[in-house]
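Shown next, in structure tokens, is the structure this report addresses.
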There are 2 protein chains.
Amino acid sequence: MDNGQLKLENQFCFRLYSAARLMMGAYHPYLDPLGITYPQYLVLLVLWEQDKQPVCDIGKRLMLDTNTMTPLLQRMEKAGLITRTRGKKDTRQRIVSLTKQGRALYEQAQHIPENMRKAVMIPESKMEEFLQMIPLLDQLIEALKKLNS
Amino acid sequence: MDNGQLKLENQFCFRLYSAARLMMGAYHPYLDPLGITYPQYLVLLVLWEQDKQPVCDIGKRLMLDTNTMTPLLQRMEKAGLITRTRGKKDTRQRIVSLTKQGRALYEQAQHIPENMRKAVMIPESKMEEFLQMIPLLDQLIEALKKLNS
DNA sequence: GCTGTTTATATCGTTCACGATGCAAAAATG
DNA sequence: CATTTTTGCATCGTGAACGATATAAACAGC
């Protein structure tokens, strides 16, 4: 019966869960000075790529539903990073736009990816190995998305 | 200046974050019938390996602090899965023990790892590739733990 | 043994994450 | 064009996570 699969040590998902949590903690030194959280950073990444998007489009990119997005965006609006205006074509939509302040954070965020890489992956030589995880994670995410839909 | 590192598509951490979230969602079909959440499942994994542990020991294995553990364990106690008694040697400690009900869930959880594997990783042939992520995730977790301490 | 420090736990406040539900606008259907 | 369905967003409640802070017990140094 017991083949050891129920041991924490053998749990792939626990590693995923822990790595994700600890990773968010590692962002703190870089995000705290900007006054934002990791999910808020993700929203900004999406908006820096393309400004003025409806809530649902941002949610699709981040794979988050509106019940998560709405309060998140409300906090960001309160912090002066974005504005949420009504859509003109589709009046149900809320168009999320960067404020001057939200746009200005882009410059300050420039070195975050590089700094995170340096902080975490000490040996530059191992970088290639880690990058091999990307297609696997993408594959996993795709499978999980189908599973959860 | 803009080397594309601030694009969502190039974010390793976003993949980690998303995969962890979606993975927890994929556990729902298996954990809901047991009336537990994923973090509660992790606590049970630790207790099924060894019963009667102080809060801090469980926390160390899950890499969670007491400000997360205490409310989590309180909910599990309320649900009748565990009891929390005072330590005898060290009266500061709270010894967490499985109830009959908590122990009984072990049998019902036997097939969860296997079912999750089947549900997510469709091709059996790709299993080996995914398992190669484990040492990399472990390395990442160790680096992040040092970083966050 | 007394005092300063560390350890184990708890509480509070804030932010996420998400299931469930509601509502109005848009789209699809007959 | 009227009715049904879908879509976009919001709200509520619950369960994490986690920083900050508190408290009492254990421990260490003198």
Side-chain angles (χ1 to χ4, degrees), chain A residues 14 17-29 31-32 35-43 53-60 62-79 81-82 84-96 144-145 148-149, chain B residues 14 17-29 31-32 35-43 53-60 62-79 81-82 84-96 144-145 148-149:
Chain A
F14 171 59
Y17 160 84
S18 299
R21 263 193 330 101
L22 294 169
M23 172 275 293
M24 280 200 263
Y27 267 93
H28 266 128
L31 298 184
D32 283 353
I36 57 176
T37 64
Y38 184 69
Q40 292 175 8
Y41 173 65
L42 292 179
V43 171
Q53 290 190 59
V55 175
C56 61
D57 285 13
I58 303 173
K60 268 170 205 148
L62 302 183
M63 295 176 264
L64 292 168
D65 212 342
T66 55
N67 52 1
T68 300
M69 290 303 297
T70 296
L72 182 56
L73 293 171
Q74 283 172 344
R75 284 186 288 270
M76 292 179 75
E77 185 174 40
K78 208 164 142 191
L81 300 172
I82 57 161
R84 302 183 310 138
T85 57
R86 287 254 168 250
K88 277 165 190 163
K89 269 185 179 171
D90 188 336
T91 63
R92 291 171 306 178
Q93 289 186 337
R94 284 283 211 166
I95 307 299
V96 181
L144 287 166
K145 266 166 77 172
N148 291 15
S149 60
Chain B
F14 171 60
Y17 160 84
S18 299
R21 266 193 327 102
L22 294 169
M23 173 275 292
M24 280 200 262
Y27 266 94
H28 266 129
L31 298 183
D32 284 353
I36 56 175
T37 64
Y38 184 71
Q40 292 175 11
Y41 173 65
L42 292 179
V43 171
Q53 292 189 57
V55 175
C56 60
D57 285 14
I58 304 173
K60 269 171 206 148
L62 301 184
M63 295 175 263
L64 291 168
D65 211 343
T66 55
N67 53 359
T68 300
M69 290 304 298
T70 297
L72 182 57
L73 293 171
Q74 284 171 343
R75 284 186 287 270
M76 291 179 75
E77 184 174 41
K78 209 163 140 191
L81 300 171
I82 58 160
R84 302 184 309 137
T85 56
R86 285 254 168 250
K88 275 163 190 162
K89 267 187 183 170
D90 188 337
T91 63
R92 292 172 305 178
Q93 290 186 337
R94 285 281 211 164
I95 308 299
V96 181
L144 287 166
K145 266 165 77 173
N148 291 15
S149 61

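Numbers restart at 1 for each chain; the letters A, B, ... are given by sequence-line order, proteins then strands.
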> Rounded to whole angstroms, how far apart are CZ on B:Phe14 and P on C:dA17?
Replying inline: 11 Å
> Are OP1 or OP2 of D:dT14 and a side-chain N or O of B:Arg75 less than 4.0 angstrom apart?
Replying inline: no
>> Classify the ring geometry of A:Tyr38 against A:Tyr27: parallel below 30°, tilted from 30° to 60°, perpendicular beyond 60°.
In response: tilted
> In whole angstroms, how far is the C1' atom of C:dA8 from the NZ atom of B:Lys89?
Replying inline: 16 Å
> What closest approach, in Å, do A:Thr66 and A:Val55 show between heavy atoms, and which atom pair accounts for it?
Replying inline: CG2-CG1, 4.2 Å
> Near DNA chain D, under 4.0 Å by heavy atom, which residues of residues 66-74 of chain A?
Replying inline: A:Thr66, A:Asn67, A:Thr70, A:Gln74
> Taking the side chain of A:Gln93 as its heavy atoms from C-beta onward, which of C:dA26, D:dC9, D:dC18 lies nearest to it?
Replying inline: D:dC9
> Bend across the helix from C:dG1-D:dC30 to C:dG30-D:dC1, to 10°, with axes taken over 5 pairs at each end?
Replying inline: 30°
> How close or far is atom P of D:dA17 from atom CG of B:Asn148, stated in whole angstroms?
Replying inline: 15 Å
> Rounded to the Å, how far apart are A:Tyr38 OH and D:dG19 P?
Replying inline: 17 Å
> When rounded to the nearest 0.5 angstrom, what is the spacing between CG in A:Leu144 and CE in B:Met23?
Replying inline: 8.5 Å
>> Testing the basics here: between A:Gly87 and A:Ile95, what is the closest heavy-atom pair and its distance to 0.1 Å?
In response: CA-CG1, 3.8 Å
> Phosphate oxygens OP1/OP2 of D:dA16: is one of them under 4.0 Å from a side-chain N or O of B:Thr37?
Replying inline: yes
>> For a 4.5 angstrom cut-off between non-hydrogen side-chain atoms, does B:Arg75 reach B:Leu81?
In response: no
> Can you tell me if A:Asp65 uses its side chain to pair, donor with acceptor, with the backbone of A:Asn67 under 3.5 Å?
Replying inline: no
> Given C:dA8, is OP1 or OP2 found less than 4.0 Å from the side-chain N or O atoms of B:Arg94?
Replying inline: no
>> If I take atom CG in residue B:Leu31 and atom P in nucleotide C:dC18, what distance separates them, rounded to the nearest angstrom?
In response: 14 Å
> In whole angstroms, how far is the C1' atom of C:dG19 from the NE2 atom of B:His28?
Replying inline: 8 Å
> Counting N and O atoms only, with roles assigned by atom type, does the side chain of B:Arg21 sit under 3.5 Å from a partner on the main chain of A:Met63, one being a donor and the other an acceptor?
Replying inline: yes
>> Which residue is it: B:Lys88, B:Arg92, B:Arg86? I am looking for the one with a salt bridge (Lys or Arg N to Asp or Glu O under 4.0 Å) to B:Asp90.
In response: B:Arg92
>> Looking at A:Arg84 and A:Arg94, would you say the former's side chain and the latter's main chain have a donor-acceptor pair under 3.5 Å?
In response: no
> Quick one: B:Met24 CE to C:dC16 P, roughly how many Å, whole number?
Replying inline: 15 Å
> Can you tell me how far CD of A:Gln74 sits from CD1 of A:Ile82, rounded to the nearest 0.5 angstrom?
Replying inline: 9.0 Å
>> Measuring only between side-chain heavy atoms, which start at C-beta, is B:Asn148 closer than 4.5 Å to A:His28?
In response: no
>> Could you check whether any side-chain heavy atom of A:Gln40 comes within less than 4.5 Å of a side-chain heavy atom of A:Leu72, counting everything from C-beta outward?
In response: yes
> Taking only side-chain nitrogens and oxygens of B:Tyr17, does any of them come within less than 4.0 Å of OP1 or OP2 of C:dC16?
Replying inline: no
Dump every N/O contact between nucleotides 1-6 of chain C and the protein below 3.5 Å, one line per pair.
none

>> On DNA chain D, compare the nucleotides closest to A:Asp65 and A:Leu22; which residue's is nearer the 5' end?
In response: A:Asp65
>> If I take atom CG in residue B:Leu42 and atom C1' in nucleotide D:dG15, what distance separates them, rounded to the nearest angstrom?
In response: 14 Å
> What nucleic acid atoms does A:Arg84 come within less than 4.0 Å of, heavy atoms only: base, sugar-phosphate, or nothing?
Replying inline: sugar-phosphate
